[in-house]
Number of protein chains: 2
Amino acid sequence: MQLRMTNQREIILRELKKSRQHLSADELYDKVKKYMPRISLATVYRNLEILSEAGLIGKLEISGRQKRFDYDVTDHDHIYCVVCHRVDNLNIERQGLHTKEIKSAKGYSITGYRLEIVGICPVCQKKAKKEKKK
Amino acid sequence: MQLRMTNQREIILRELKKSRQHLSADELYDKVKKYMPRISLATVYRNLEILSEAGLIGKLEISGRQKRFDYDVTDHDHIYCVVCHRVDNLNIERQGLHTKEIKSAKGYSITGYRLEIVGICPVCQKKAKKEKKK
DNA sequence: TTACAATTAGTAATTATTATCAAAACTGGA
DNA sequence: TCCAGTTTTGATAATAATTACTAATTGTAA
Ligand SMILES: [Mn+2]
Ligand SMILES: [Mn+2]
Ligand SMILES: [Zn+2]
Ligand SMILES: [Zn+2]
C-alpha cells in the first residue's frame, strides 16, 4: 500500500516546505489551519508521522523535547539553541564517523546516527548581553 | 549553596552507579524502593536532576523518549537500539568534530554536542530471526 | 451505485515530567 | 539542647506532548 496524497497531507507538506524551518506539530498546525480551518491536530500528528515514514519529510527527535519535522530530507546535521530551542542546519565533515569501529559497535547492526551540536544562537547571545546591562 | 547529600540522594546515586546501565527515572525508582520503600517518584526525578546538575551523574536526552541517567560522567558517546531502547556506551574517534567550522557554526556559541549511533542490538537481532522462522 | 477500505475530526487516554504544598528533617547559632 | 529558619520530602495535582479510539466522511474500484 502506498501513500495516498489527501488534501490535508498536501497542505501539511506544502506549509512545511514553504517554512524552511524545523517545525513542531503544533507550529505546523497553526500554519495549516489558515488554509484548512477544520483540520484536527491529531491529523497533523498522524500525517507528519506518515509523511516521514514515506521519506517525504525528515523527523528530528532532539534532546527530550518536542519532535520537529524537517523540510529537507538530504543528509545533514543540526545545531540547536539550548535557550530558545531553535534548530538550524549544519553541514560538517563526517569523516571519522564511518569507521569499522562503528559498523561493528557492540554487536549492533547500525541503521544510522544523529549528531547534534548544542549551543546558544546569536539572538539569545544578544539577549543575554542586554540582560547583563540591567 | 552546595549539594546536601541526603539519604535518598545517596541511595539513588549508589543504585545508579551499581547498575552500570543507563536507567530512566522509573527504573531507578524501582531499584531504590527496595532499600527505601517510602521514597516518592517525584523525589527520584527531583534528585536525578540535581545530581546531574552537580555533575555527579550524566543525563541523556535521547530521541524524544524518556530521559536516562548515566553512571559515567566521563566523555563518551552512545549507541541505542531502536527496538528495545537499550543504551550502550561507545568510544569512537572524535576527530572531525572539533573543527573551526563547528566552532563558528551559524554564529552559535557552542557548548557541546551529542552523537548518537542508532541501530538494533544483538538481543533484538536474535529475536527478529526467531520471529521469521515462525 | 454500491460495497469496502482508508482517512478524518473530535475527543479521551496515556506517558513522562514538573509544580504545588504541607509535613518532616536538617542546620547553625543562642 | 533547643529553636527558628531553611531544605527536602512524599503525596498528589497539573501540564505537555503524543497516541488511541471511534463514528462519520471520503475515496476507490468493480
Ligand atoms: Mn534540517
Ligand atoms: Mn554512558
Ligand atoms: Zn536561541
Ligand atoms: Zn534491542
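Chain A is the first sequence line, chain B the second, and so forth, proteins listed ahead of strands; every chain is numbered from 1.
A donor-acceptor pair under 3.5 Å is absent between the side-chain atoms of A:Gln8 and the main chain of A:Thr43, judged by distance alone.
Atom pair B:Glu53:CD and C:dT18:P shows a separation of 12 Å (rounding to whole Å applied). Note: CE (B:Met36) to P (D:dT8) measures 15 Å, nearest angstrom. Summarising the geometry, the separation between CD on B:Glu61 and P on C:dA16 is reported as 15 Å, rounded to the nearest angstrom. To the nearest angstrom, C1' of C:dT17 lies 15 Å from OH of B:Tyr29. Put simply, CG on A:Asp26 is 8 Å from P on D:dT18, counting in whole angstrom units. For the pair B:Leu41 CG and C:dT20 P, the interatomic distance rounds to 18 Å; values are reported in whole Å. Put simply, CZ on B:Phe69 is 10 Å from C1' on C:dT17, counting in whole angstrom units. Protein atom CD of B:Gln2 is 12 Å distant from nucleotide atom P of D:dT7, rounded to whole Å.
Nucleic acid contact for A:Asn47: sugar-phosphate only, since backbone atoms but no base atoms lie under 4.0 Å from a heavy atom of the residue. Using a 4.0 Å heavy-atom criterion, one finds that A:Thr6 contacts the sugar-phosphate atoms exclusively.
Residue A:Ser40 places none of its side-chain N or O atoms closer than 4.0 Å to OP1 or OP2 of C:dG10. Considering only side-chain N and O atoms, B:Gln8 lies nowhere under 4.0 angstrom from the phosphate OP1 or OP2 of C:dA25. Residue B:Tyr45 places at least one side-chain N or O closer than 4.0 Å to OP1 or OP2 of C:dT17. Phosphate proximity of C:dT18 to B:Lys67: present, with a side-chain N or O under 4.0 Å from OP1 or OP2. Within the 4.0 Å cut-off from OP1 or OP2 of D:dT18, not a single side-chain nitrogen or oxygen of A:Lys59 is found.
Listed nucleotides D:dA20, D:dT18, C:dC26 differ in distance to B:Arg4; the shortest reach to its side chain belongs to C:dC26.
Between A:Lys59 and A:Glu49 there is a salt bridge, since a side-chain N of the basic residue sits under 4.0 Å from a carboxylate O of the acidic one.
Distance CD/A:Gln21 to OH/A:Tyr71: 9.0 Å, rounded to 0.5 Å.
Judged by distance alone with a 3.5 Å cut-off, no donor-acceptor contact links the side chain of A:Arg38 to the base of C:dG10. Side-chain to base pairing of A:Arg46 with C:dA9: one donor and one acceptor N or O lie within less than 3.5 Å of each other.
Counting only heavy atoms from C-beta outward, the side chains of B:Arg9 and B:Leu13 never approach each other to under 4.5 Å.
Between B:His76 and B:His22, the ring-plane angle classifies as tilted under the 30° and 60° cut-offs.
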